[in-house]
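Down below is the structure, laid out as structure tokens.
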Amino acid sequence: MKKEVRVRFAPSPTGPLHIGGVRTALYNYLFAKQNKGKFILRIEDTDQTRFVEGAEEYIIEAFQWLGIEFDEGVGIGGDFAPYRQSDRKSIYKKYAQELIDKDWAYYAFDTPEELDVVRKDFEAQKKNFQYDCQTRSNMRNSLTLSSNQVKELLDSNTPYVVRFKFPENTEVHINDMIRKEVIMNTNLLDDKVLYKSDGMPTYHLANVVDDHLMQISHVIRGEEWLPSCPLHVMLYKAFGWEETMPEFAHLPLLLKPDGNGKLSKRDGDRLGFPVFPLEWHDPKTNEISSGYREKGYIPKAVINFLALLGWNAGIEQEIFTMEELISLFSIEKISKAGAKFDLDKAKWFNHQYIQMTQNSELAKNFNQTLIEKGFNLPITYVEEVVGLIKERCNFTTELWEQGYFFFTPPEAYDEKIIKKRWKPTTPNNLIQIIELLDTIEPFSSAIIEEKLHNYIEENQLNMGDIMNALRLCLVGQGKGPHLYDIISMIGKKETIERINKAIKIISPQ
RNA sequence: GCCCCGUUCGUCUAGUUGGCCUAGGACGCAAGAUUUUCAUUCUUGAAAUCAGGGGUUCGAAUCCCCUACGGGGUACCA
């Protein structure tokens, strides 16, 4: 019988959720849904010194915005609660103790200061210190001290940590679903701290214990965890949990768009694109980092783009619904190399999704902006405007700059267009156009187009000059959708007013 | 330094059991078409001797080795 798929996303609440983390979560989600399994949110806050106010709430809100739902976890609950590691503090100690009792771990009394000294010493000799099977015999721990000494230290509340005791010269085999077999020798691995002197476990212990207790079937996480995976595998062995050990998949990293290296917060600020799903206000530094949501991205576009950054179904389709992603996803098809973040492609995806989004839905959000700006118009009007301008928007935030003229007259007139299209005869021609417009009934786009074209032809006027000058009057720039659509939308009265105003400002007599 | 992972157009990638690859698609770029404008859209094009070098083989982007380069790790951080 195949066991139930249970995967988890386990961020640490040290700040906003990085977009690479979003991708990791997405892959976990797709895998869980495809296998009719469970997707769990576990908060890994074992480092109390790095706790950041609001980070946990941010993470939950970000996934809500993205449309990624958890089945269990912080904020939802479930059979394996609690899901926050700080709330699980009491359960880890006995597991650390179990390892000590089984001789898979030991107490270490070396203080951070002492370790520093040793490290500096090694450095001076151009060597690298590692607390491992070679060096542990020279340190202050329960391996070198007598049991009486250890008992005394413990009884007198001397701070200690618990370290994993790697066996010497043993090969650890990892079966990674993406990279296949990876082998590492324990002689090169250090005796990682499992339990800290503050009474909290480290990631390594907590992660293995919780994954076991929560019956996690697959661990899908970033590549940065690959080097410590042998420790995790050994921990499962030490606990005697090999039978139910999850399968591992280590994802390639998201790289910065220019040059190389992990995508970081600074890159976003530097290159002008968000690295976080939602805008983040740092409570300590007061710094603001931009978010996809505030920049006008459609959540589905972000999902689609992210899914394809490191994974490919092997078909030429590029636009996928979440349902399609769920059915097509496979861990085996995840690429091994890191992927550079491509801003242009993200923009293209967003453009595609804006075109696919219903006008009514875009209008709902756009109307908020309009209300903030003091425009209160029927939603049907806003919907019509959206329909006319959305194809020229890459981001929903561009709706205003692509369509302001449907709501308010231009405040300025583009000098370049004036130079190119505003001739000495223009004002007179426009006055005639006004007279013509005044007679048009019904004032619909098609009729206006017909009448205007006829007029221009009959009077042997230059179509380009007239049309562009007219556009300048109404829009203020050489851009925008079909002029006749604009004219009919804003109405006869407004059109005529704008033409008169433009003539007055551009050609004052 | 040491350990691990990786390396196909500028970018994301297809290519998974070696032959249909004179290496395909998308973004971006260039040119053209459409258009009263800006976009959109459409067409066409340039763009990877598959990191380099050795093998194995009738035949390698695909298998093996070496080198180079890139990334990750090397904390009482996750």
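Naming convention: chains lettered A, B, ... in sequence-line order (proteins, then strands); numbering from 1 in each chain.
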Run the ring-centre check on Y58(A) versus F276(A) and record whether the distance is less than 6.0 Å. no
Could you measure between the two C1' atoms, the one in U8(B) and the one in G25(B), and give it in whole Å? 13 Å
Rounded to the nearest angstrom, tell me the gap between atom CD1 in I417(A) and atom C1' in A39(B). 14 Å
R50(A) near the nucleic acid: base, sugar-phosphate alone, or nothing, with a heavy-atom cut-off under 4.0 Å? base
Quick note, E224(A) side chain, CB onward, closest among C76(B), G73(B), G28(B) is G73(B)
Expressed as a whole number of angstroms, how long is the span from N350(A):CG to G28(B):P? 13 Å
Rounded distance in Å - NE2 (H18(A)) to P (A78(B)): 19 Å
Please determine, for C2(B), whether a Watson-Crick or G-U wobble partner exists with both distances under 3.5 Å, and give it or none. G73(B)
Rounded to whole angstrom units, what separation is found between the CG atom of L231(A) and the P atom of U74(B)? 12 Å
Counting only side-chain nitrogens and oxygens, does T46(A) get under 4.0 Å of the OP1 or OP2 atom of A78(B)? yes
Determine the Euclidean distance between corresponding P atoms of A26(B) and C69(B); express it in Å to zero decimal places. 35 Å
U36(B) pairs with, by Watson-Crick or G-U criteria that keep both distances under 3.5 Å: none
To the nearest Å, give me how far apart CH2 (W225(A)) and C1' (A75(B)) are. 12 Å
To the nearest angstrom, the CD-P distance between Q130(A) and G73(B) comes to 15 Å
CG (D210(A)) and OH (Y83(A)) are apart, to the nearest 0.5 Å, by 10.5 Å
Taking atom P in both U37(B) and A47(B), what distance in whole Å separates the two? 33 Å
Within-4.5 Å side-chain heavy-atom neighbours: L99(A) and V162(A): no
Mind checking if E44(A) touches a base, just sugar-phosphate, or nothing, with heavy atoms under 4.0 Å? sugar-phosphate
So, is K196(A) close to the C77(B) phosphate, meaning a side-chain N or O under 4.0 Å from OP1 or OP2? yes
What's D110(A) touching, base or sugar-phosphate or nothing? Going by heavy atoms closer than 4.0 Å. base
Identify the nucleotide, in any strand shown, that forms a Watson-Crick or G-U wobble pair with U56(B), with both distances under 3.5 Å; if there is none, say none. none
Among the nucleotides G25(B), U41(B), U37(B), which one has an atom lying closest to any side-chain atom of H351(A)? U41(B)
Answer yes or no: is there a donor N or O on one side and an acceptor on the other, between the side chain of R392(A) and the main chain of G480(A), under 3.5 Å? yes
Check every strand shown and say whether Y131(A) touches a base, only sugar-phosphate, or nothing at a heavy-atom separation below 4.0 Å. nothing
Taking any heavy-atom pair under 4.0 Å as a contact, classify K347(A): base, sugar-phosphate, or nothing. nothing
What distance, rounded to whole Å, do you find between the two C1' atoms, one in C50(B) and one in C77(B)? 39 Å
Is there a residue in residues 444-473 of chain A whose heavy atoms reach under 4.0 Å of RNA chain B, and which residues are they? M467(A), N468(A), R471(A)
Between Y484(A) and H453(A), does the ring centre distance come in under 6.0 Å? yes
Could you tell me the separation between the CD1 atom of I434(A) and the CD1 atom of I496(A), rounded to the nearest 0.5 Å? 6.5 Å
P gap between U17(B) and G54(B), integer Å: 26 Å
Quick one: which of C76(B), C38(B), C27(B) gets closest to the side chain of W348(A)? C27(B)
Using a strict 4.0 Å threshold on nitrogen-to-oxygen distance, state whether D414(A) and K479(A) make a salt bridge. no
How is P481(A) classified with respect to the nucleic acid when contacts are heavy atoms under 4.0 Å: base, sugar-phosphate, or nothing? base
note: N128(A), atom CG; U74(B), atom P; distance rounded to Å ~ 11 Å
Considering only side-chain heavy atoms of T202(A), which listed nucleotide, A39(B), U74(B), C77(B), is closest? C77(B)
For E223(A) and for D47(A), find the nucleotide of RNA chain B with the closest heavy atom, then tell me which residue's nucleotide is more 5'. E223(A)
Quick check, are the ring centers of F341(A) and F273(A) under 6.0 angstrom apart? yes
Using atom C1' of each nucleotide, how far apart are C27(B) and U22(B) to the nearest Å? 25 Å
C38(B) and C20(B): how far apart are their C1' atoms, nearest whole angstrom? 46 Å
Less than 4.0 Å between a side-chain N and a carboxylate O, is that true for D342(A) and K340(A)? no
With a 6.0 Å cut-off (strictly less than), is the heavy-atom count around NZ of K196(A), excluding the residue itself, greater than 12? yes
For nucleotides 12-22 of chain B, tabulate all protein N/O to nucleotide N/O atom pairs closer than 3.5 Å, reporting atom names and distance.
| from | atom 1 | to | atom 2 | distance (Å) |
| --- | --- | --- | --- | --- |
| C12(B) | OP1 | K340(A) | N | 3.0 |
| C12(B) | O2' | L308(A) | O | 3.1 |
| U13(B) | OP1 | G310(A) | N | 2.8 |
| U13(B) | OP1 | S335(A) | OG | 3.4 |
| U13(B) | O2' | N312(A) | ND2 | 2.7 |
| G15(B) | OP1 | K333(A) | NZ | 2.8 |

Have a look at L483(A) and say if it touches a base, only the backbone sugar-phosphate, or nothing, with a 4.0 Å heavy-atom cut-off. base
Quickly work out the N175(A) CG to C4(B) P distance and round it to whole Å. 17 Å
Applying side-chain hydrogen bond (donor to acceptor under 3.5 Å, both in side chains) to D132(A) and T135(A), what does each step give before you reach the verdict? CA-CA 5 Å; D132(A) 59 17; T135(A) 59; 3.3 Å; yes
Which nucleotide, if any, forms a Watson-Crick or G-U wobble pair with U16(B), using both distances under 3.5 Å? none
Base, sugar-phosphate alone, or nothing: which one does V193(A) contact when heavy atoms must sit under 4.0 Å apart? sugar-phosphate
P atom, C64(B) versus G6(B): distance in rounded Å? 11 Å
Would you indicate whether the side-chain heavy atoms of F248(A) and R221(A) approach each other to under 4.5 Å? yes
